[in-house]
Amino acid sequence: MALIFGIESSCDETAAAVVRDGATVLSNSVVSQHELHAKFGGVVPEIATRAHLQRILPVIEKARDDAAVPWSDVDAIAVGHRPGLIGSLLVGVSAAKALAWSLNKPLIGVDHVQAHLYACHLDDAPPSYPALGLVISGGHTSLYHMADPLNITRIGHTIDDAVGEAYDKVAAMLELGYPGGPIVEQAAQHGDPDAIDLPRTLLEPTSLNFSFSGLKTAVLYAAFGQPVGRGKDARFTRTAADLSDRDRVNICASFQRAVSDTLTTKLKRAADQLADKATPVQTLIVGGGVSINKALRTALADFAASHDLMLRLADPQYCLDNAAMIAGLAEPLYAAGRVDGYDLPAEATSRLDA
Ligand code: KG4
Ligand code: ZN
């Protein structure tokens, strides 16, 4: 049982948190950089790195002040060291190493994707394992068999875009702003999910992999018509300015329904395939930024209820990138003696993708 200070800087959120015993969040400080990247329609790595450098120390101080614990009470320093943008990760990893060295505390490297799956433990009782895990974020859309929070096997993944990326690209196409997820969700609430016939890409009949690039292209054609010409000369007959508010909300609602149907169909396949296991899964755990989406949360709840699975979603404040999930997952790692040296690297890929 430990008091852990966590740091997260893998993409465009600078975050620090203090978590006790892997569950009780004493502080959760997050500063987003969305305003810096919005005009580019996506995260610009160099800008993100610089902003992390400017923000990391105040964010660390705030997390410690909010938790009101002295550094001497902290047992270990944890940091999200993979996956993510290397420049962004390096800022958090360097800060964590400096803290661990100067305070003479153990350093624990945490996998960000695994931490999204752990987020449902925060401020709540632990879920029952084994579990079927789903991560839906800006960089990942993957299914996992989870024997416990540390023993996880990937059983499916996207072969092209991640769900969050598709949300961001649909919002960009419709010129709705960045990040796209919350804007598309908001617009979808006012639209008809059956207005436009969009594909549910399911790949081969037993595949647990995902593909969202076809859906993205279908949205593009639904919005702007079939392109005239080929390659770089291709032109659309309509532009975002030609769309009515009704068109926009209907496209968003139809897109969101297609995403939701695709996710639940794949979950059904995974649940069916895992049913033969000696120890059947008891719980569906869903994490990642997209899991904050209310319509998807409702669809996941319906799915879990109809498949006799307990559903565990993180509290909304722990769905988007945060350091509480990093400090939380560090608890079982620390208990298992999984402590790292000062050579801990920043890495672009998740350990779970290996
Ligand atoms: O987990 P996260 O904060 O960062 C990554 O690890 O990628 O997820 C960010 C993604 C973005 O693509 C964002 O558009 C999406 O989560 N997102 C949402 C919503 N809020 C954020 N997607 C759907 N509905 C939302 N309300
Ligand atoms: Zn994330």
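Nothing here was measured: the structure is a model prediction, and the numbers come from that model. When a ligand or atom number is given, it counts from 1 through the structure's own listing order.
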| query | For ligand 1, which part of His116 has a heavy atom less than 4.0 Å away: the side chain, the backbone, both, or neither? | reply |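 For His116, only side-chain atoms sit under 4.0 Å from ligand 1.
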| request: State whether Asp245 and Arg248 are salt-bridged, where the test is any N-O pair (Lys NZ or Arg NE/NH1/NH2 against Asp/Glu carboxylate O) under 4.0 Å. | output: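 Salt bridge present between Asp245 and Arg248.
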| field | Arg246 and Asp192 ion-paired at < 4.0 Å | value |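 Answer for the salt bridge query: no.
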Minimum-distance protein heavy atom relative to [atom]:
{"atom": "atom 25 (C) of ligand 1", "value": "Gly181 C, 3.5 Å"}
{"atom": "atom 2 (P) of ligand 1", "value": "Asp321 OD1, 3.3 Å"}
{"atom": "atom 14 (O) of ligand 1", "value": "Asp168 OD1, 2.7 Å"}
{"atom": "atom 24 (N) of ligand 1", "value": "Asn293 ND2, 3.0 Å"}
{"atom": "atom 21 (C) of ligand 1", "value": "Leu320 CD2, 3.6 Å"}
{"atom": "atom 6 (O) of ligand 1", "value": "His112 NE2, 3.2 Å"}
{"atom": "atom 7 (O) of ligand 1", "value": "Gly138 N, 2.8 Å"}
{"atom": "atom 15 (C) of ligand 1", "value": "Val290 CG2, 3.9 Å"}

Would one find an N or O of [X], backbone or side chain, under 3.5 Å from an N or O of ligand 1?
{"X": "Pro179", "result": "no"}
{"X": "Glu13", "result": "no"}
{"X": "Gly289", "result": "yes"}

Determine whether [X] and [Y] fall in the same hydrophobic cluster, where Ile, Leu, Val, Met, Phe, Trp and Tyr are linked whenever their side-chain heavy atoms lie under 4.5 Å apart.
{"X": "Val43", "Y": "Leu176", "value": "no"}
{"X": "Ile292", "Y": "Leu263", "value": "no"}
{"X": "Leu320", "Y": "Ile326", "value": "no"}
{"X": "Leu208", "Y": "Val163", "value": "yes"}

| field | Between NE2 on residue His37 and CD on residue Glu35, distance to nearest 0.5 Å | value |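 The distance works out to 8.0 Å.
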| query | At what distance, to the nearest 0.5 angstrom, does OH of Tyr178 lie from CD1 of Ile183? | reply |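 The OH atom of Tyr178 sits 10.0 Å away from the CD1 atom of Ile183.
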| Under 30°, 30 to 60°, or over 60°: which ring-plane class applies to Tyr167 and Phe255, parallel, tilted or perpendicular? |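 Plane angle over 60°, so perpendicular.
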| Counting no waters, what protein N/O/S atoms lie under 2.8 Å from the Zn ion (ligand 2)? |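 Hits for the Zn ion (ligand 2) below 2.8 Å: His112 NE2, His116 NE2, Asp321 OD1.
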| said: Working note: Glu46 + Arg50, criterion salt bridge (Lys or Arg N to Asp or Glu O under 4.0 Å); need CA distance, chi angles, decisive distance, verdict. | reply: CA-CA 6 Å; Glu46 286 78 4; Arg50 217 167 303 150; over 6 Å; no
| request: Could you tell me whether the side chain of Met173 reaches within less than 4.5 Å of the side chain of Val219, counting heavy atoms only? | output: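 A side-chain contact exists here, since the closest heavy-atom pair is under 4.5 Å.
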| said: A quick test of your reading: do over 12 heavy atoms of other residues, nucleotides or ligands sit less than 6.0 Å from CZ of Arg55? | reply: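 Atom CZ in Arg55 is packed in, count exceeds 12.
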| query | Out of curiosity, is Pro182 lining ligand 1, as in a heavy atom under 4.0 Å away? | reply |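 A heavy atom of Pro182 does come that close to ligand 1.
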| said: Under a 3.5 Å distance rule, please check whether Glu8 uses its side chain to pair with a backbone N or O of Asp321 as donor and acceptor. | reply: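 Such a contact is absent between Glu8 side chain and Asp321 backbone.
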| message | Give the atom numbers and elements of ligand 1 that come within less than 4.0 Å of a heavy atom of Gly139. | response |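 Those qualifying, in numeric order: 7 (O).
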| field | Element-labelled atoms of ligand 1 that are located less than 4.0 Å from some non-hydrogen atom of Ile292 | value |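 Listed by number with element, the hits are 19 (C), 20 (N), 25 (C), 26 (N).
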